Amino acid sequence: MAQTKWNLPAAYPADNPHSVNLIAFAKDVADATGNKLQITVHPAASLFKAPEIKRAVATGQAQAGEVLISLHENEDPMFGIDVIPFLATSYPAAKRLWFASKPAIEKKLASQGLMLLFAVPWGPQGIYAKKDLNTVEDMKGLKWRAYNVGTSRIAELVGAQPVTIQAAELPQALATGVVNAFMTSGSTGYDSKSWETMTHFYDTQAWIPKNVTFVNKAAFDALDKPTQDAILKASAVAEERGWKLAEEKAKWYLEQLQANKMKVLPPPPALKSGLEKIGEQLTADWLKKAGADGEAVIAAYKK
């Protein structure tokens, strides 16, 4: 019984729900294969930085990996469908959107030598700020953390200044004042102790992004059938567990922000309608890039 050892790089802290779920997935695979396949999870961007993970797996430097799929929207608009603001603003809607877009995403990953294993959502995205935001005009001139195409476009449309910062570098950027507003989940706000620099969290539920876990297809094909089946079964379990965990934790994280004296508020009506207008603009932008494939996915989602 030869042992196979795999590395799975990930970008978030070891105690983040995504990493916790990956470690449980690795344990499920080890248990199911009698330790024949051992997957070591490398959290906190310790093996590869977030933007490098996908390529590392495609080129065989690592056998599996997890990424925030929208980081790669420039390669294919389909990778950015879950960050179109105000398209899917609840977990049931996000799940529908995932199932509508999954075949197209699988196909694109396959063309890059990757096989999709599972996807797990983050918490809904809200706006962190140091001041009251009553309208989108109040966002003008803010130094706005951007981490993908959508967050950069929002900055442009409201007249803020986009600054590209990955999650691992956010605490430093906040501490040094490189950014003074950003849009992310309750969990990233909690991980980066946002209350040390921010005062407000507007629960806009703008979108529910996802992390996707995939495997190098050649590495997967080299395994025997029982081991492949064990991975697929553990993946289905991880996806279900991950969605459940995300929903439970989303509420908990907002409670933690409040416990640390942040104001957790719904967006005021004028801010909300201004953001929805931006959402319509960004959906139209996205459809232009994604063409007929994109239209088909949005139509399937809205059915």
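Here, residue 1 is the first one in the sequence, and each next residue gets the next number. Given the structure is predicted, the values throughout are model-derived calculations rather than measurements.
- For the residue pair Ser187 and Ser185, a side-chain donor N or O sits within less than 3.5 Å of a side-chain acceptor on the partner.
- Shown here are the side-chain hydrogen bond (donor to acceptor under 3.5 Å, both in side chains) partners of Trp122, two or more places apart in sequence or in another chain: Asn211.
- Partners of Lys95 by side-chain contact (heavy atoms from CB on, under 4.5 Å), not counting sequence neighbours, listed by chain and number: Phe99, Trp243.
- Residues meeting the salt bridge (Lys or Arg N to Asp or Glu O under 4.0 Å) test with Lys131, sequence neighbours left out: none.
- Under the rule for a side-chain contact (heavy atoms from CB on, under 4.5 Å), the partners of Pro9 that lie at least two apart in sequence or sit in another chain are Leu47, Phe48, Ile53, Ala62.
- By the side-chain hydrogen bond (donor to acceptor under 3.5 Å, both in side chains) test, Glu156 is found to be paired with Arg153, residues two or more places apart in sequence or in another chain being considered.
- Under the side-chain contact (heavy atoms from CB on, under 4.5 Å) criterion, Asn35 pairs with Gln3, Ala30, Gln38, sequence neighbours left out.
- Every pair passing side-chain hydrogen bond (donor to acceptor under 3.5 Å, both in side chains) that includes a residue from residues 221-237 is listed here, sequence neighbours excluded: Lys36-Asp224, Lys217-Asp221, Asp224-Thr227, Lys225-Asp229.
- Sorted pairs that involve residues 97-118 and meet salt bridge (Lys or Arg N to Asp or Glu O under 4.0 Å), not counting sequence neighbours, are lacking altogether.
- With salt bridges taken as basic N to acidic carboxylate O contacts below 4.0 Å, none links Glu240 and Lys244.
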For residues 254-272, tabulate all N or O donor-acceptor pairs below 3.5 Å that involve a side-chain atom, not counting sequence neighbours.
unit_1, atom_1, unit_2, atom_2, d
Glu255, OE2, Lys251, NZ, 3.2
Asn260, ND2, Gln256, O, 3.0

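- Within the structure, salt bridge (Lys or Arg N to Asp or Glu O under 4.0 Å) pairs that include any residue of residues 43-62 comprise Lys54-Glu75 (at least two apart or interchain).
- Not one N or O on the side chain of Thr188 forms a donor-acceptor pair closer than 3.5 Å with the backbone of Thr184.
- With Tyr202 contributing its side chain and Leu133 its backbone, the two residues share a donor-acceptor pair below 3.5 Å.
- Identified under the side-chain hydrogen bond (donor to acceptor under 3.5 Å, both in side chains) test for residues 292-303, with sequence neighbours left out: none.
- In terms of the side-chain contact (heavy atoms from CB on, under 4.5 Å) criterion, residue partners of Val29 (sequence neighbours excluded) are, by chain and number, Phe25, Thr33, Leu37, Ile39, Ile231, Ala234.
- With hydrogens and angles ignored, the 3.5 Å screen pairs a side-chain donor or acceptor of Lys143 with a backbone N or O of Gly177.
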